[in-house]
K.L.:
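Pasting a structure here, questions to come.
Heavy atoms only: backbone and side chains are in, while hydrogens, waters and symmetry mates are out.
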Amino acid sequence: MNELELLRRLEALQRGRRTIVAIAGPPGSGKSTLAAKAAKHLNLGAPGRAEVFPMDGFHFDDQLLAGMERLPWKGAPDTFDVHGLAWMLRRLSERRPEGVAVPVFDRDLEIARAGARIIEASTEVIIAEGNYLLCSAAPWSGLHRFFDLSIMIEVPESELRRRLRQRWISFGLDEKDILWKLDGNDLPNGRFVMERSRRPDIVHRPD
């Protein structure tokens, strides 16, 4: 499904109820960009209708990952608080009248800030985005019951490598560290996403 068709599908979601949409895909596939674009599109005709809910707010803290000897692999499936994410999705699905405070990952500080944003009860469409939202392995598979619509972004690995290389260059990494990020973490995680995720409702292949 192309982007225009996808946006039309989201626009046609039933009004007056809480809907949670999951957007998954490998690192570098454009999940955040698509989620932001979808929310902007939905909010044009109905301000406040949609909010983005990134999985990144549930990264384990660097200090905890260091103690687990997993800090170099930050971003791998076992470096997230999946159970905390499930609990938050449950609260969001209940559409509580007081709204729900959600964490936000601060990329400048490399830390998740708890209660950094409120998703109001009036918000109809929650667009959850993250690598492993559709993963078929436990405990990630426990998230699926909260999603009313699921989208997987498919991008050739050669293009993912190009995008991710540019990302790490922009962060000032040298060639040795870039190669480690790509082949030691990012691309293996991407293969895990594509090989271990359930069949989505929609497959999106960016132009």
K.L.:
Kindly compute the distance separating CZ (R162) from CZ (R167), expressed to the nearest 0.5 Å.
P.N.:
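Going from CZ on R162 over to CZ on R167, the span is 12.0 Å.
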
K.L.:
Can you tell me if R17 has over 12 outside heavy atoms packed within less than 6.0 Å of its CZ?
P.N.:
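Correct, the count exceeds 12.
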
K.L.:
Are L13 and D148 close enough, and set up right, to give a side-chain contact (heavy atoms from CB on, under 4.5 Å), and what steps lead you there?
P.N.:
CA-CA 10 Å; L13 290 170; D148 301 288; over 6 Å; no

K.L.:
Sub-3.5 Å donor-acceptor pair from the side chain of S150 to the main-chain atoms of D201, do we have one?
P.N.:
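Indeed, once roles are kept as given, a pair shorter than 3.5 Å links the two residues.
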
K.L.:
Are more than 12 heavy atoms, taken from residues, nucleotides or ligands other than W87, located less than 6.0 Å from that residue's CH2 atom?
P.N.:
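It does not: W87 CH2 has 12 such atoms or fewer within range.
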
K.L.:
Over 60° means perpendicular and under 30° means parallel, so classify the ring planes of W140 and Y132, tilted if in between.
P.N.:
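Ring orientation, 0 to 90° scale: tilted.
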
K.L.:
Just to verify, which of L85, V82, L143 counts as forming a side-chain contact (heavy atoms from CB on, under 4.5 Å) with M55?
P.N.:
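The passing option is L85.
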
K.L.:
Just by distance, do the side chain of R95 and the backbone of A121 share a donor-acceptor pair under 3.5 Å?
P.N.:
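Checking the backbone N and O of A121 against the side chain of R95, a donor-acceptor pair under 3.5 Å is found.
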
K.L.:
Between D81 and F60 (side chain of the first, backbone of the second, donor and acceptor by atom type, cut-off under 3.5 Å), is there such a pair?
P.N.:
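Flag not set: sc D81 to bb F60 has no pair under 3.5 Å.
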
K.L.:
So with a 6.0 Å cut-off around CZ of R9, is the heavy-atom count from everything else above 12?
P.N.:
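12 or below, so no.
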
K.L.:
Can you tell which of R49, E11, R8 makes a side chain to side chain donor-acceptor pair (under 3.5 Å) with H41?
P.N.:
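Going through the options one by one, the only one that passes is E11.
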
K.L.:
If only atom types and distance count, is the side chain of E159 paired as donor or acceptor with the main-chain N or O of P156 below 3.5 Å?
P.N.:
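Flag not set: sc E159 to bb P156 has no pair under 3.5 Å.
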
K.L.:
Salt bridge or not for E94 and R91, using N-O below 4.0 Å?
P.N.:
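No salt bridge links E94 with R91.
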
K.L.:
Mark yes or no for whether H204, through its side chain, and M1, through its backbone, hold a donor-acceptor pair below 3.5 Å.
P.N.:
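Indeed, once roles are kept as given, a pair shorter than 3.5 Å links the two residues.
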
K.L.:
Closest approach of V193 and G25, non-hydrogen atoms and distance?
P.N.:
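It is CG1-C, 3.7 Å.
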
K.L.:
Can you measure from OG (S29) to CD (E157) and round to the nearest 0.5 angstrom?
P.N.:
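Here the interatomic distance stands at 12.5 Å.
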
K.L.:
Working to the nearest 0.5 Å, report the span between CE of M152 and NZ of K31.
P.N.:
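It is 9.5 Å, given to the nearest 0.5 Å.
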
K.L.:
Do you see a donor-acceptor pair shorter than 3.5 Å between the side chains of N185 and K74?
P.N.:
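The criterion, which ignores hydrogens and geometry beyond distance, is not satisfied for K74 and N185.
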
K.L.:
If you measure from CG on N131 to CE on M194, what distance do you get to the nearest 0.5 Å?
P.N.:
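Taking CG in N131 and CE in M194, the distance rounds to 11.5 Å.
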
K.L.:
Return yes when atom CD of E69 has more than 12 non-hydrogen atoms of other residues, nucleotides or ligands closer than 6.0 Å, and no otherwise.
P.N.:
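Not buried by this count: 12 neighbours or fewer within 6.0 Å.
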
K.L.:
Rounded to the nearest 0.5 Å, what separates atom CG in L182 from atom CG in L173?
P.N.:
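Going from CG on L182 over to CG on L173, the span is 9.5 Å.
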
K.L.:
Does a side-chain N-to-carboxylate-O contact under 4.0 Å join D183 and R161?
P.N.:
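A salt bridge is present here (some side-chain N lies under 4.0 Å from a carboxylate O).
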
K.L.:
For the residue pair A50 and A39, what are the closest heavy atoms and their distance?
P.N.:
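In terms of heavy atoms, the two residues are closest at CB-CA, 4.0 Å.
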
K.L.:
Check the angle between the aromatic planes of F105 and H59 and answer parallel, tilted or perpendicular using the 30° and 60° thresholds.
P.N.:
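Because their plane-to-plane angle lies in the 30° to 60° range, the rings of F105 and H59 count as tilted.
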
K.L.:
For a side chain to side chain donor-acceptor pair (under 3.5 Å) with E124, tell me which candidate from R15, Q14, R18 qualifies.
P.N.:
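The option that passes is R15.
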
K.L.:
Is the shortest side-chain heavy-atom distance between I178 and I169 below 4.5 Å?
P.N.:
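Yes; the side chains approach each other to less than 4.5 Å.
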
K.L.:
Would V203 end up clustered with I153 when hydrophobic side chains under 4.5 Å apart are linked, directly or stepwise?
P.N.:
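Not linked; separate clusters.
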
K.L.:
Report, as yes or no, whether the 6.0 Å neighbourhood of atom NE2 on H83 holds more than 12 heavy atoms from other residues, nucleotides or ligands.
P.N.:
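Not buried by this count: 12 neighbours or fewer within 6.0 Å.
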
K.L.:
With a sphere of 6.0 Å drawn around CD of Q63, does it hold more than 12 non-hydrogen atoms of other residues, nucleotides or ligands?
P.N.:
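Counting neighbours around CD of Q63, 12 or fewer heavy atoms of other residues, nucleotides or ligands fall under 6.0 Å, so no.
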
K.L.:
When rounded to the nearest 0.5 angstrom, what is the spacing between CG in D186 and CZ in R165?
P.N.:
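One finds 11.5 Å between CG of D186 and CZ of R165.
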
